[in-house]
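Proteins come first, then strands; the chains are lettered A, B, ... in the order of their sequence lines, and each starts at number 1.
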Number of protein chains: 2
Amino acid sequence: MDQLLQNIKIEINEKIFVKNPESSDLGKRIIESSIDLINEIGFEQFNFKKLGTHIGSNESSVYRYFENKHKLLLYLTSWYWAWMEYKLVIGTIQMTDPSKKLDEAIRTLTKVINADSNFSHIDEVKLQNIVIAEYSKSYLTKEVDSENKQGYFSIYKRLVERLTNLIKEVDPSYKFPASLSSCILEGALHQHFIKQHFKALTDCDDQLTPTDFFLNLVSSTLSYSNGKD
Amino acid sequence: MDQLLQNIKIEINEKIFVKNPESSDLGKRIIESSIDLINEIGFEQFNFKKLGTHIGSNESSVYRYFENKHKLLLYLTSWYWAWMEYKLVIGTIQMTDPSKKLDEAIRTLTKVINADSNFSHIDEVKLQNIVIAEYSKSYLTKEVDSENKQGYFSIYKRLVERLTNLIKEVDPSYKFPASLSSCILEGALHQHFIKQHFKALTDCDDQLTPTDFFLNLVSSTLSYSNGKD
DNA sequence: ACCAAATAATAGTAATACTATTAATATTGT
DNA sequence: ACAATATTAATAGTATTACTATTATTTGGT
């Protein structure tokens, strides 16, 4: 897959950035370093001055790429979800059995990224940790409706929709395909977070994973018309 | 229940506040007004200067009650979860059938608060909206582990645990009681949020509610040894 | 070598998140 | 009633943040 990914390009809504960070070396360093820094000190402590220092450049140079740190977070998380969507699509494209497709999709969307999945300048392991710890902050704002209208969350929404459709294919009679889909995506992030910080609130650890939990949940909730279960 | 609630007192971890807001009129006005203000302008835009103006008092007076706005959010959300726990306990105490108890618990924990549930100086409808929109921000921080150690999240954890135990009672063989419990509590907030802001990501609306979704999810996931289903 | 674009450096502003000090007001004990 | 004490309000000030504006310097293309 690494080779494949070398050649694809992840497209992010142009309104999210002032200047496309993919278009220059400095831009790429901004992305690379912001992932490092946010992962290390958290989104609240993170700012463009610290980022400037971190990349041996200047605060004002960062502002030529992103209006503010909120937009940068939207960029990073959009990139993550676009990458997830890509993995989901290529991982299930040749499958015909709906239940196997759904199974594979859930695995892709809920598992921990392993260190060697790296390509280009983006460290996906760190990026996933950022998404786990910070994604909610990108939409839990007073501006959510206007930003949603501008399409800032469209990649994530498309991904939820894809999973919803896979659920519908398996069980067209199920009443809550969209709710289940959003619950899996958001719930997986939450389970990953609490398995790190509130161990008593989950049964998941490195053996029994969030993937196991959601596979079990889905297989017992849906009526599989053909194939497995 | 309103009468009952008049007489109970919700106890919050003393480390969360500098001076107990329940101990004075100004303190109560701080709580009352902060709920109004955060609900209105959101947690990011909210600060103690605006709160001071709102209660016809001074910024520095607010600091005598809470170190910072993060602590105030911890106070408000702790109060909410304590109140939820209370409702859950008194709503299920006289029940004997585990599956009916669980059913009632899920209803209590996932439904929308209605306007007339008000008592004292706290507007529970607004407070629930705050919890839906802001609760995640109280623990998605770099300080989460140390604050957890200090017991700042103990009420919420106890509530998840209570629900976990109800799940275990219904189906002792189920492998993920804690994950399901945390998933319901956190997922309900999420479904309420997306039904307001990302309608395409959920099947829930005012007819088909998050409560319906989670009741269905739980009843199909657990094996009910006795009673319903 | 020269021009344009990109980047870096510097400075400055308004707002935020506080702290410290003092003044005014309420509450309590005798 | 009145002094002592606690509480609250007002004022001022600081460090940091989240930017904007201006100018200087570097870099790459022709």
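Using a 4.0 Å cut-off between charged side-chain N and carboxylate O, A/Asp205 and A/Lys195 make no salt bridge. The pair A/Glu44-A/Lys137 counts as a salt bridge, with a side-chain nitrogen and a carboxylate oxygen less than 4.0 angstrom apart.
Of the residues in residues 12-49 of chain A, those with a non-hydrogen atom less than 4.0 angstrom from any atom of DNA chain C are A/Lys19, A/Ser24, A/Leu26. Taking a 4.0 Å limit (strictly below) on heavy-atom distances, residues 57-73 of chain B reaches DNA chain C at B/Glu59, B/Ser60, B/Tyr63, B/Glu67, B/Asn68, B/Lys69.
For the residue pair B/His54 and B/Asp36, no side-chain donor N or O sits within less than 3.5 Å of a side-chain acceptor on the partner. Side-chain N/O atoms of A/His121 and A/Glu22 include a donor and acceptor closer than 3.5 Å.
Distance alone, capped at 3.5 Å, is enough to place a donor-acceptor pair between the A/Gln128 side chain and the A/Lys111 backbone.
Relative orientation of the A/Phe193 and B/Tyr139 rings is tilted, given thresholds of 30° and 60° on the angle between their planes.
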> Do A/Arg29 and A/Asp25 pass the salt bridge (charged side-chain N to carboxylate O under 4.0 Å, His left out) test, and can you show the C-alpha distance, the side-chain angles, and the key distance before you say yes or no?
Replying inline: CA-CA 6 Å; A/Arg29 271 158 54 220; A/Asp25 181 65; 3.3 Å; yes
